[in-house]
Every structure is written in structure tokens, then in C-alpha cells.
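We use all heavy atoms of the structure for the numbers below, so side chains are in, but hydrogens, waters and symmetry mates are not.
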Amino acid sequence: MKSIKKCLFPAAGYGTRFLPATKSMPKEMLPIMTKPLIQYGVEEALSAGCVTMAIVTGRGKRAIEDHFDISYELEHQIKNTSKEHYLTEIRKLISQCTFTYTRQVEMKGLGHAILTGKSLIADEPFAVILADDLCDSKEKGVLSQMVEVYEKYGCCVVAIEEVPKEDTSKYGVIAGYKVDGRDDTYRVETMVEKPDPKDAPSNLAIIGRYILTPDIFEVIENTKAGKGGEIQITDALLEMAKQGKVIAYKFKGKRFDCGSVDGFVEATNYFYAKGDN
Ligand code: UTP
């Protein structure tokens, strides 16, 4: 089985819930404390064994590329000063990972963004992180936990968490049966994008972490626009699930929806209290 070495970051969305902040700045660059959301994601991917970060960007997202590059002027200014340590973490990331980019020209949905990343991934299994879903866990990172699940089952893995039933319309929601006598691992039988609570097959919601096998690309190519007129990864994964090829894993840790103002504030308070950066 091929190991997971690449992590795709769909980061082309407009981030309308954060306007006007996101008018000319990528949502993924919003900081929790001093660190941009996407840097947390890259750190999580690296600690799960990914060394190539494949980022799907769009217009107005150039700040992401600049962030994962050396700024010679800044380096020169702070060299041998007391401020130099502020750059230690990001310098380390830049030296340990390769960053590749492609642009999604039209924002046709998450499934379409993932398909746009095909040229960066080619024919191997890969991880997907939505940087606005910020995760924190005591021991292993969420993606590291998922890589272990992938190594056991060798198929697509989605991270899930229980949400209040009235919130199902914000998520992709799965239903399935538990496998191997575990309480945290399900073989997915069905999944629905943003169902009304009354139609939701469960309260198990997919969050922004996936491990996908490369056959997903062909499935997305054949997936028609769904909810909201967008090409939904949930619809493509449903096709895979029908063939028994999707596992849902209830991760250990906390997740913050930093694409919403409430989640963003909650994450800021959490990381401040924790004393991170
Ligand atoms: P969201 O719907 O949460 O992001 O998409 P958004 O559209 O940027 O935010 P709002 O709703 O307008 O505030 C989930 C993820 O998928 C990416 C987004 O960048 C985000 O990381 N995405 C979504 C794309 O890359 N391309 C798309 O066409 C849609």
C-alpha cells in the first residue's frame, strides 16, 4: 500500500462569512494568535508524514505562497535580533516541505477544488485538510490518527464528529455501521450534503479532514453539481461508499470551525488559554 505523502489544501473559496476581512486577504491567512490557519494545517500534515503540500488557490490568494517562502528583506532586518525566534517555526516548515500550487479558476465547490488538485497529486492516495477547520488534540494529530485508519483499511477515510441534530444542515452527514467492534470506526453506507435535520441519516458530521484514494478523481469527473449548484465531494464519496470504499473515523481531539466568526473566536480563546504561541 502506498503511504500518504501529499496533503491537498483546497483554499480557493471566497470566505464570504469573513467579509470584509477576506476581501483582499485569504481566509486561510487569518491568524489564531500569531499563526495563520493554513500554517496549523501544514504542521498537522507534516506531523502525519506528508512532505508535499499541494495548495489549490484562487485569485487574491497570493499571500499564501508568500507565507511559505523566504522573505529576504525581513530575514535581513531581524537577523541577530531578539525577534529572530518568531520565524523559527515557519523557517523549519519551509525547509521540511515542498509546496506546490495550482489555481481553481471558477469556484465550483469543494469536489471541484479537489479535482483541480489532481495535477499536483497524480496517482497516489492523499490527504485533504480544510484549513478553516482547525483541529487540536492532546497526543496524535487528527490526520496522523486518520493515516493509521487508512493503513488498516486501505480505502478513503473521512473524519467525523457528533453534532447537535439541528446543525446537520451545515455539514456532510454519514450513516453506516461500526466495524471491528470499535466505537469510533464506521463503514459508510450513505452520506448526504447539508441535510435538513429531519432528513439527516444521523448526527455524524464530516469535518475538514479526508484521506482519498486516487480513483476519487474519476468519480468527481462524473459527479454532477449538487447542493448549492456546486460539485460536492460528499456526492463523489457516496459513490465510493456504495462500493464499500469509505470509512468514517470519529477522531480524538477538538475541532473549531474557523470559517465562522463564533468558531474563530472560540479557537482564539482556546489557544490563548492553552498558551500556544
Ligand atoms: P467553505 O464553503 O467553508 O468556504 O468551503 P468558503 O466558500 O470560502 O466560505 P464562505 O462559506 O463563503 O464563508 C470549504 C473549503 O473548501 C474550499 C474553501 O477554500 C474552504 O477551505 N473551497 C470551496 C474551494 O477551494 N473551492 C471552492 O469552489 C469551494
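Using a 4.5 Å cut-off on side-chain heavy atoms (C-beta onward), Tyr249 and Tyr153 make no contact. Annotation: side chain of Glu28 is not in contact with side chain of Phe9 (no heavy-atom distance under 4.5 Å). When side chains are defined from C-beta on, Tyr270 does not count as touching Tyr272, because their heavy atoms never get closer than 4.5 Å. Taking 4.5 Å as the limit, every side-chain heavy atom of Thr57 sits out of range of all side-chain heavy atoms of Gln104. A 4.5 Å side-chain heavy-atom check between Val192 and Pro201 finds at least one atom pair inside the cut-off. Within the 4.5 Å cutoff, the side chain of Pro10 has heavy atoms near those of the Leu130 side chain. Between Leu212 and Val128, some side-chain heavy-atom pair lies under the 4.5 Å cut-off. For the pair Thr98/Val51, no side-chain contact is recorded, criterion being any heavy-atom separation below 4.5 Å from C-beta on.
For Glu266, the side-chain hydrogen bond (donor to acceptor under 3.5 Å, both in side chains) test picks out no residue, with sequence neighbours left out. Lys227 is linked by a side-chain hydrogen bond (donor to acceptor under 3.5 Å, both in side chains) to nothing, counting only residues two or more places apart in sequence or in another chain. With sequence neighbours excluded, no residue forms a side chain to side chain contact (heavy atoms under 4.5 Å, CB included) with Ser24. Legend: residues meeting ring-ring contact (aromatic ring centres under 6.0 Å, His included) with Tyr210, ordered by chain and number and at least two apart, are absent. Checked against ring-ring contact (aromatic ring centres under 6.0 Å, His included), Tyr86 has no partners two or more places apart in sequence or in another chain. When the side chain to side chain contact (heavy atoms under 4.5 Å, CB included) test is applied to Ser202, the partners found at least two apart in sequence or on another chain are Val173, Leu204. Every residue two or more places apart in sequence or in another chain that forms a side chain to side chain contact (heavy atoms under 4.5 Å, CB included) with Thr22 is listed here: Phe18, Leu19, Lys27.
The residues Lys242 and Glu239 are annotated as salt-bridged, a charged nitrogen and a carboxylate oxygen being separated by less than 4.0 angstrom. The pair Arg255-Glu161 meets the salt-bridge criterion, with a side-chain N (NZ, NE, NH1 or NH2) lying under 4.0 Å from an Asp/Glu carboxylate O.
Applying the side-chain hydrogen bond (donor to acceptor under 3.5 Å, both in side chains) test to pairs two or more places apart or on separate chains, those with a residue in residues 42-54 are Lys35-Glu43, Gln39-Glu43, Glu44-Arg209. Annotation: ring-ring contact (aromatic ring centres under 6.0 Å, His included) contacts involving residues 155-196, sequence neighbours excluded, are absent. For residues 176-185, the pairs satisfying salt bridge (Lys or Arg N to Asp or Glu O under 4.0 Å) are Lys152-Asp180, Lys178-Asp183, Arg182-Asp184, Asp184-Lys252, with sequence neighbours left out.
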request  = Please test Phe264 against Phe256 for ring-ring contact (aromatic ring centres under 6.0 Å, His included), starting from the C-alpha separation and ending with a verdict.
outcome  = CA-CA 7 Å; Phe264 186 86; Phe256 301 93; over 10 Å; no
inquiry  = Assess the residue pair Glu75 and Arg91 against the criterion (salt bridge (charged side-chain N to carboxylate O under 4.0 Å, His left out)); give the C-alpha distance rounded to whole Å, side-chain angles, the decisive distance to 0.1 Å, and a yes or no.
reply    = CA-CA 10 Å; Glu75 293 280 340; Arg91 277 180 184 160; 2.6 Å; yes
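Val147 approaches Ala48 most closely through the heavy-atom pair CG2-O, 4.1 Å. The minimum heavy-atom distance between Met33 and Pro31, with the atom names listed, is O-CB, 3.4 Å. Residue Ala248 comes nearest to Ile160 through the heavy atom pair CB-CD1, 3.8 Å, listed as atom of the first residue, atom of the second, then distance. Nearest heavy-atom pair, Phe68 versus Leu93, reported as atom, atom and distance to 0.1 Å: CE2-CD1, 4.3 Å. Closest approach of Leu37 and Asp132 over heavy atoms only: CD1-CA, 4.3 Å. Residues Met191 and Thr234 come closest through the heavy atom pair CG-O, 3.7 Å.
When the shell of 6.0 Å around NZ of Lys83 is examined, it contains 12 or fewer heavy atoms from other residues, nucleotides or ligands. Counted within 6.0 Å of CD on Gln243, heavy atoms from surrounding residues, nucleotides or ligands total more than 12; the atom is thus considered enclosed. At most 12 non-hydrogen atoms from other residues, nucleotides or ligands lie less than 6.0 angstrom from CD of Glu73. For His85, the NE2 atom sits in a packed shell: over 12 heavy atoms of surrounding residues, nucleotides or ligands are nearer than 6.0 Å.
Note on ring orientation: taking the six-membered ring where Trp is involved, the planes of Phe126 and Phe217 are parallel (angle under 30°, cut-offs 30° and 60°).
If you check the side chains of Asp215 and Thr213, you find a donor sitting under 3.5 Å from an acceptor.
With rounding to the nearest 0.5 angstrom, the CD1 atom of Ile90 is 10.0 Å from the CG atom of Asp69.
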Tell me which donor-acceptor pairs under 3.5 Å the side chains of residues 114-125 have, and how far apart each pair is, sequence neighbours excluded?
residue: Thr116; atom: OG1; partner: His112; partner atom: O; Å: 2.7
residue: Lys118; atom: NZ; partner: Glu221; partner atom: OE2; Å: 3.2
residue: Glu124; atom: OE2; partner: Lys6; partner atom: NZ; Å: 3.3

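The hydrophobic cluster containing Met107 also includes Tyr14, under a criterion of side-chain heavy atoms closer than 4.5 Å among ILVMFWY residues, counted directly or through chains of members.
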